[in-house]
Visitor: 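This is the structure I want to talk about, given as structure tokens.
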Amino acid sequence: PGNLLQPGDLLTTVTQLDPVQARFSLPADAAAARRIFAAQQTGEALQVSLAWPDGRTYSQPGRIEFLASTVDPATGTVVAQALFPNPDRRLRPGETVRVRLATEQLEGVFVLPPQAVSQGPQGAMVFVVAEGSVAEARVVELGPVVADGQVVVGGLREGDRVVVNGQVSLRDGAAVSIEAPGDGAR
């Protein structure tokens, strides 16, 4: 009874379930990789969260514990690893999840539906409803794309009403009719 083993044969694999590690890759030149590196130097803790492919978010926040010091020349990415508490064993090794890393806290910005932003001769632009219910083309400065939409860091003011539908045929100074009340930018 038993198996005949050779030196170096694998007997079993032990996997830690709590806490669980999540390894992921970041483009080497991405702001996220630079932010992790800077946080490691200062001892700052970055917010890391997990989401399953169906969009559900894991309830326990994680922390970055490792960022590779080298770039993979084949992919141009840097490997990072986060540690997540897993007391109820909801996460399983090898499971596919999405890692979300908060790289910066933006204040005084607007988040618009992506379709509200178009490209004009001067760059990114949106249409706002100006006095007299006419469209006004406004050049804006874009930030990152987030889960809720496109971040706009400049060019809008609080209270601006942004056109989010029907702007394809809209031109500067055209009359605008508002069909349903909305918040405009959030």
Side-chain angles (χ1 to χ4, degrees), residues 22 24-39 42 44-64 67 75-78 80 82 84 90 95-186:
F24 55 99
S25 297
L26 299 163
D29 60 348
R34 292 191 304 272
R35 182 73 178 101
I36 292 171
F37 181 75
T42 63
E44 177 187 358
L46 296 178
Q47 282 186 342
V48 186
S49 62
L50 287 180
W52 281 279
D54 65 5
R56 291 177 299 130
T57 302
Y58 183 60
S59 61
Q60 301 278 337
R63 65 178 170 79
I64 299 288
L67 179 68
T75 62
T77 60
V78 177
F84 291 86
R90 290 182 59 206
E95 187 173 19
T96 299
V97 292
R98 180 173 299 232
V99 176
R100 293 184 179 147
L101 173 65
T103 56
E104 59 186 317
Q105 185 79 19
L106 299 173
E107 295 181 16
V109 299
F110 300 91
V111 180
L112 301 177
Q115 71 270 15
V117 181
S118 58
Q119 289 295 318
Q122 298 173 331
M125 59 168 277
V126 300
F127 282 100
V128 296
V129 180
E131 184 116 7
S133 293
V134 295
E136 176 185 312
R138 182 100 45 93
V139 175
V140 293
E141 181 183 348
L142 300 180
V145 174
V146 295
D148 295 338
Q150 175 66 62
V151 173
V152 176
V153 297
L156 291 176
R157 295 182 294 271
E158 190 171 336
D160 280 343
R161 294 183 295 170
V162 177
V163 177
V164 296
N165 288 314
Q167 67 272 35
V168 173
S169 59
L170 200 55
R171 67 186 193 307
D172 204 23
V176 176
S177 63
I178 300 172
E179 295 180 3
D183 295 334
R186 286 179 271 144

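Residue numbers count from 1 along this sequence.
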Visitor: Contact between Leu50 and Val99 at the side-chain level, heavy atoms closer than 4.5 Å - yes or no?
Guide: yes
Visitor: For Gln150 and Gly143, indicate whether the former's side chain and the latter's backbone hold a donor-acceptor pair under 3.5 Å.
Guide: yes
Visitor: Taking all atoms of both residues into account, what is the closest heavy-atom pair of Ala116 and Val164, and its distance?
Guide: CB-CG1, 3.9 Å
Visitor: Looking only at heavy atoms, what is the nearest atom pair of Gly149 and Pro114, with distance?
Guide: CA-CD, 4.2 Å
Visitor: Quick one, Leu142 and Val151 - any side-chain contact, counting heavy atoms below 4.5 Å?
Guide: no
Visitor: Quick one: do Val162 and Val152 satisfy side chain to side chain contact (heavy atoms under 4.5 Å, CB included)? Show the steps, please.
Guide: CA-CA 12 Å; Val162 177; Val152 176; over 6 Å; no
Visitor: Considering non-hydrogen atoms only, spot the tightest contact between Pro61 and Phe84 and give its length.
Guide: C-CD2, 3.9 Å
Visitor: With a 4.5 Å cut-off on side-chain heavy atoms, are Val176 and Arg161 touching?
Guide: no
Visitor: Which pairs, with at least one residue in residues 129-140 and sequence neighbours excluded, count as a side chain to side chain donor-acceptor pair (under 3.5 Å)?
Guide: Glu136-Arg138, Arg138-Asp160
Visitor: Val48 and Ala82: which non-hydrogen atoms are nearest, and at how many Å?
Guide: CG1-CB, 4.0 Å
Visitor: Would you mind reporting whether Val163 and Val126 have side-chain heavy atoms less than 4.5 Å apart?
Guide: no
Visitor: If you take all heavy atoms of Asp172 and Ala135, which pair is closest and at what distance?
Guide: OD1-O, 3.4 Å
Visitor: Quick one: pull up CG in Leu170 and CZ in Phe127 and give me the separation to the nearest 0.5 Å.
Guide: 4.5 Å
Visitor: Side chain to side chain donor-acceptor pair (under 3.5 Å): which pairs involve residues 112-121, sequence neighbours left out?
Guide: none
Visitor: So, for Ile64 and Phe24, which heavy atoms are closest and what is the spacing to 0.1 Å?
Guide: CD1-CZ, 3.7 Å
Visitor: Nearest 0.5 Å please: distance from the CG atom of Leu26 over to the OG1 atom of Thr75.
Guide: 10.5 Å
Visitor: I'd like to check the ring pair (Phe, Tyr, Trp, His ring centres under 6.0 Å) partners of Tyr58; sequence neighbours left out, ordered by chain and number.
Guide: Trp52
